Amino acid sequence: MPRTCSFLSGAGALALAVLAPFSSAAAQDAAGFQAYLPTLGAQAAAAGVSRRTIEAVLPSLTYNPRVVELDRQQPESRPNAPIPAFAPYRARHVDADRITRGRAVYLRARGRLSAIEQQTGVPESIMVAIWGHETNYGRVMGGFDLPRALASLAYEGRRRTLFTDEFIATLKMIDRGVPREKLVGSWAGAFGGPQFLPSVYLRLARDGDGDGTADIWNSDADTLASIGAYFVDAGWRPGVPWGFAVSVPATLDRRLIANRTTSPRCPRVQGRQSQWKTMAEWRALGVVPQARAWPGDDVLATLLEPDGQGAAAYLLTGNYRVILDYNCSNFYALSVGLLADAVER
């Protein structure tokens with residue numbers, strides 16, 4: 001036997017030996033997933049999903065290891081990882097292209113946006129900025145099959161309750177008449193222009209163009225109206241800014257304004273913010289708005305210096321917390337607010 005053949009045989013045997021555990025694990029996951037599907041089906045039936053939908057969807061599902069891998073890479077799975085600088089994130093997410101496209105959307109949709117703002121109290125520019133951040137104004141909406149992704153994540157178990165509920169909500173969307181082929185989105189189950197989860201779609205998706213359907217995949221009006229509805233549901237207060245950039249005096253003693261409470265939701269995010277004080281109290285401490293007038297003296301705000309003392313600083317109102325409800329990340333919420341301001345100028 002030629003030496004090359006002998007060498008390849010040895011390499012092939014080594015490769016098979018190395019890959020065998022992985023192949024075995026993959027086979028176990030695939031088999032375990034199929035064994036788990038009847039449990040999901042029973043839970044869906046108990047939640048009121050039709051037998052027709054269950055029998056149409058579940059037999060088509062296979063395990064997707066990629067979504068499980070992506071879920072395990074999420075920041076909440078690494079709670080002690082160092083926090084990076086905000087400035088590079090801002091440069092990527094509040095960039096010239098996103099601002100230019102956002103202004104074009106803002107101007108094109110002013111008629112509908114104005115009506116939505118009158119109904120909801122949510123600023124037009126905030127709705128546009130959310131859309132820009134979530135999907136770059138509908139350009140990037142994900143390519144994962146939602147029932148398959150959500151069923152795989154429910155099977156994996158790290159956040160089983162969440163993903164089981166969202167899987168069942170996806171089946172309820174089908175019961176409501178949403179075509180199966182539309183159920184495509186991000187690996188974690190978000191979809192459409194606003195990147196709603198299925199349960200959020202069922203509660204808050206809105207028909208913004210009057211055609212009788214809440215088509216957040218193809219209708220700009222439905223996307224923007226649905227975002228407005230989400231913000232109303234989360235407690236947006238009309239007439240109050242999300243926040244604004246400020247100059248902080250070098251003499252300010254941060255120890256005196258340090259946050260001494262722990263938020264039950266996203267504690268690491270909200271733990272970086274200061275105590276809440278009125279605008280009158282912040283003014284008395286020497287804080288000065290950089291590009292706008294003070295809101296009312298009794299409006300409450302918290303101070304955030306995302307890159308530490310001497311860098312950018314912001315006073316943030318209760319409406320900033322509403323943006324955090326959409327995505328509990330200071331970097332995300334700050335960038336949404338800053339993009340909204342840039343779009344509106």
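For the numbers below, each heavy atom of this structure counts, side chains included, while hydrogens, waters and symmetry mates do not. Computed from a predicted model, the values in this text were never measured in an experiment.
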Shortest non-hydrogen separation from [X] to [Y] and the atoms involved:
X	Y	answer
Q195	S186	OE1-CB, 3.7 Å
S335	F86	OG-CE1, 3.7 Å
A250	R254	O-NH1, 4.5 Å
V248	A313	CG2-CB, 3.7 Å
S125	E344	OG-OE1, 3.2 Å
P147	V57	CB-CG1, 4.0 Å

Tell me whether R203 forms a cation-pi arrangement with Y201, defined as NZ or CZ under 6.0 Å from the six-membered ring centre and within 45 degrees of its axis.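 No, a cation-pi geometry is absent between R203 and Y201.
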Within 45° of the six-membered ring axis of Y137 and under 6.0 Å from that ring's centre, is NZ or CZ of R101 located there?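 Judged by the rule, R101 and Y137 form no cation-pi pair.
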Min side-chain heavy-atom separation [X]-[Y] under 4.5 Å:
X	Y	answer
L70	F144	yes
L256	Q275	no
I216	S226	yes
T223	D220	no
Y36	T39	yes
L315	M279	yes
S152	F33	yes
P289	W282	no

Cluster link [X] to [Y], ILVMFWY, side chain under 4.5 Å:
X	Y	answer
V246	L316	no
I130	I99	yes
V322	Y320	yes
L224	V200	yes
L204	L202	yes

Would you please say whether a donor-acceptor pair under 3.5 Å links the side chains of [X] and [Y]?
X	Y	answer
T213	D211	yes
T261	N259	yes
N330	Q273	yes
D175	S50	yes

Can you spot which of I54, V49, L183 makes a side chain to side chain contact (heavy atoms under 4.5 Å, CB included) with I174?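 The single option meeting the side chain to side chain contact (heavy atoms under 4.5 Å, CB included) with I174 is L183.
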In this structure, which one of T302, L300, V299 forms a side chain to side chain contact (heavy atoms under 4.5 Å, CB included) with T317?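 Result: among T302, L300, V299, V299 is the only option passing the side chain to side chain contact (heavy atoms under 4.5 Å, CB included) with T317.
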Positive for salt bridge (Lys or Arg N to Asp or Glu O under 4.0 Å) with D71, one of R160, R158, R66: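 Considering R160, R158, R66, a salt bridge (Lys or Arg N to Asp or Glu O under 4.0 Å) with D71 is found only for R158.
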Aromatic ring centroids of Y155 and Y63 under 6.0 Å?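 Centroid separation for Y155 and Y63: below 6.0 Å.
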Donor-acceptor check, side chain of [X] to backbone of [Y], threshold 3.5 angstrom: yes or no?
X	Y	result
W217	K182	yes
D222	G208	yes
R148	L61	no
D207	G212	yes
R98	G132	yes
R272	P306	yes

Any chance you could measure [X], atom [atom1], to [Y], atom [atom2], to the nearest 0.5 Å?
X	Y	atom1	atom2	answer
T135	R139	OG1	CZ	10.5 Å
I116	I227	CD1	CD1	9.0 Å
L171	L150	CG	CG	9.5 Å
D233	T120	CG	OG1	12.0 Å
L303	K277	CG	NZ	10.5 Å
L153	E166	CG	CD	11.0 Å

Parallel, tilted or perpendicular, judged at 30° and 60°: which one describes the rings of [X] and [Y]?
X	Y	value
Y230	F196	tilted
F231	W236	tilted
H93	H133	parallel

Can you confirm whether R255 is buried at CZ, in the sense that more than 12 heavy atoms of other residues, nucleotides or ligands lie under 6.0 Å from that atom?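 Atom CZ in R255 is not packed in, count stays at 12 or less.
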Apply the test side-chain contact (heavy atoms from CB on, under 4.5 Å) to residues L113 and Y106: give CA-CA distance (whole Å), side-chain angles for both, the deciding distance (0.1 Å), then the verdict. CA-CA 8 Å; L113 282 168; Y106 180 71; 4.3 Å; yes
Would you call R283 and D297 a salt bridge, using N to O less than 4.0 angstrom?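 Here R283 pairs with D297 in a salt bridge, since their nearest N and O are under 4.0 Å apart.
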With side-chain hydrogen bond (donor to acceptor under 3.5 Å, both in side chains) as the test, would you mind laying out the steps for R206 and Q119 before giving the verdict? CA-CA 12 Å; R206 295 291 183 267; Q119 294 166 7; over 6 Å; no
